[in-house]
Amino acid sequence: MNVTISHYLVVSALLFTIGAAGVLLRRNMLVVLMSVELMLNAANLAFVTFARMLGTVDGQVIALFVMTVAAAEVVVGLAIVLIVFRTRATTNVEDVDSMKW
Amino acid sequence: MTTLLFVLGSLTAIVSAMLVVTRRNPVHSALSLIVCLLSVALLFLLLGAQFIAALQVIVYAGAIVVLFLFVVMLLDVRDKTAVFHSALSQKLASLAIALAVLIELAMVATAGVAWTRKEEWLAATGLSFGTAQSVGKELFARYIFQFEVASVLLLVAVVGAVALAKNRRE
């Protein structure tokens, strides 16, 4: 078997799907954030695959920026989870509904 | 050899990603996340992106997951009753949406490649492809503005996290 671009893209698609399913299915906020990380990582894999396909490093630079955004997102997200736990003593997404109409 | 490593890396990544989503205990999820990120780093290496692979290990597995573990331990969540959403309709809808995403992405992955180029790797990538030097040259030449924006973003994230998590009770 010869490994081609499509194989990497399919792996990326599977990882993204698992992450999306995690975001939609899980109730624990921490695990939802972890699933978001999975999705960002799958996007990174696609970027690096395309960089390899085109023979330029532009995709890898974009992957670097995605990592930066992921780090920023996790820091702020975890801070919010901490506050919610401090005020409501829960990490369940279904309990955080005061802004729900 | 490359094929074997690819199969190994991708299978480990997918299985550990499933473990992240399905484990009851958040600590187990975080540990599976490390395994998944490391195996994706292996895929990065196979794609010739050495610098990104190193960053993946240092930034993701080293910093982000440790942060997750810190918060999981700090919160000490006791309610282990419900893992998934309670309503069956929500579960079904979630799975349907995820499946639709998968089908869409698989179509792009299989059909879109023929549109860009034949299914073969560009031969002349050279030894310096994906090293810290080549990525850095591109980063500090053509992407310098985006680089500065990213640094401001990180600063904003740090300030935001401190402002959010600060204990306001005097």
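The figures here come from the full heavy-atom set of this structure, side chains too, leaving out hydrogens, waters and symmetry mates. Predicted model, so just to flag it, every value in this text is computed and none were measured. In what follows, chains are A, B, ... by sequence order, proteins preceding strands, each numbered from 1.
- The minimum heavy-atom distance between A/Ala72 and B/Ala157, with the atom names listed, is CB-CB, 3.6 Å.
- Separating the NZ atom in B/Lys166 from the CD1 atom in A/Ile83 is a distance of 11.5 Å, to the nearest 0.5 Å.
- In this view, B/Leu38 and B/Ile34, B/Val57, B/Ala61 satisfy the side-chain contact (heavy atoms from CB on, under 4.5 Å) rule, not counting sequence neighbours.
- Among A/Asn44, A/Asp58, A/Val10, the residue making the largest number of heavy-atom pairs under 4.5 Å with chain B is A/Asp58.
- Between A/Val48 and B/Phe44 the shortest heavy-atom distance is CG2-CE2, 3.8 Å.
- Between A/Leu78 atom CG and B/Leu164 atom CG the span is 11.5 Å, to the nearest 0.5 Å.
- Two different hydrophobic clusters hold B/Leu154 and B/Leu139 under the rule that ILVMFWY side chains link at heavy-atom gaps under 4.5 Å.
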* Asked: Should B/Leu43 and A/Thr49 be marked as a side-chain contact (heavy atoms from CB on, under 4.5 Å) after you check the CA-CA gap, both sets of side-chain angles, and the distance that decides it?
  -> CA-CA 9 Å; B/Leu43 295 184; A/Thr49 307; over 6 Å; no
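- Between A/Met34 and B/Pro26 the shortest heavy-atom distance is CE-O, 3.6 Å.
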* To do: Show your reasoning for whether ring pair (Phe, Tyr, Trp, His ring centres under 6.0 Å) applies to A/Tyr8 and B/Phe6.
  => CA-CA 9 Å; A/Tyr8 283 98; B/Phe6 171 76; 4.6 Å; yes
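- Proximity to chain A (any heavy atom under 4.5 Å) is shown, for B/Ala63, by neither the backbone nor the side chain.
- With A/Arg86 contributing its side chain and B/Ala165 its backbone, the two residues share a donor-acceptor pair below 3.5 Å.
- When all heavy atoms of A/Arg26 and B/Val21 are compared, the closest pair comes out as NH1-O, 2.6 Å.
- If you measure heavy-atom distances from A/Val32 to chain B, you find no contacts under 4.5 Å at all.
- Pairing each heavy atom of A/Ala13 with each of B/Leu105, the nearest pair is CB-CB, 3.4 Å.
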* **Verdict with reasoning, A/Leu40 to B/Tyr60, per side-chain contact (heavy atoms from CB on, under 4.5 Å)** => CA-CA 11 Å; A/Leu40 286 167; B/Tyr60 261 120; 4.0 Å; yes
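- Counting only distance, with no hydrogens or angles, the side chain of A/Arg52 and the backbone of B/Gly48 share no donor-acceptor pair below 3.5 Å.
- Here B/Leu55 contributes atom CG and A/Met67 contributes atom CE; the two are 5.5 Å apart, rounded to the nearest 0.5 Å.
- Within the 4.5 angstrom heavy-atom criterion, only side-chain atoms of B/Ile97, from C-beta onward, approach chain A.
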* Asked: Would B/Glu138 and A/Thr56 count as a side-chain contact (heavy atoms from CB on, under 4.5 Å) if you check the C-alpha gap in whole Å, the side-chain angles of each, and the deciding distance to 0.1 Å?
  -> CA-CA 10 Å; B/Glu138 197 76 3; A/Thr56 58; over 6 Å; no
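- Put simply, CG on A/Asn41 and OG on B/Ser39 are 8.5 Å apart, with the number rounded to the nearest 0.5 Å.
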* Step by step, work out the side-chain contact (heavy atoms from CB on, under 4.5 Å) result for A/Leu25 and B/Leu95. => CA-CA 8 Å; A/Leu25 281 172; B/Leu95 286 176; 4.0 Å; yes
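- Judged as a side-chain contact (heavy atoms from CB on, under 4.5 Å), and not counting sequence neighbours, the contacts of A/Ala42 are A/Ser12, A/Leu15, A/Phe16.
- Contact record, B/Val20 with A/Val31: O-CG1, 3.7 Å, taken as the closest heavy-atom pair.
- Among the candidates A/Leu82, A/Leu33, A/Val61, the residue making the largest number of heavy-atom pairs closer than 4.5 Å to chain B is A/Val61.
- Between A/Leu30 atom CG and B/Ser29 atom OG the span is 9.5 Å, to the nearest 0.5 Å.
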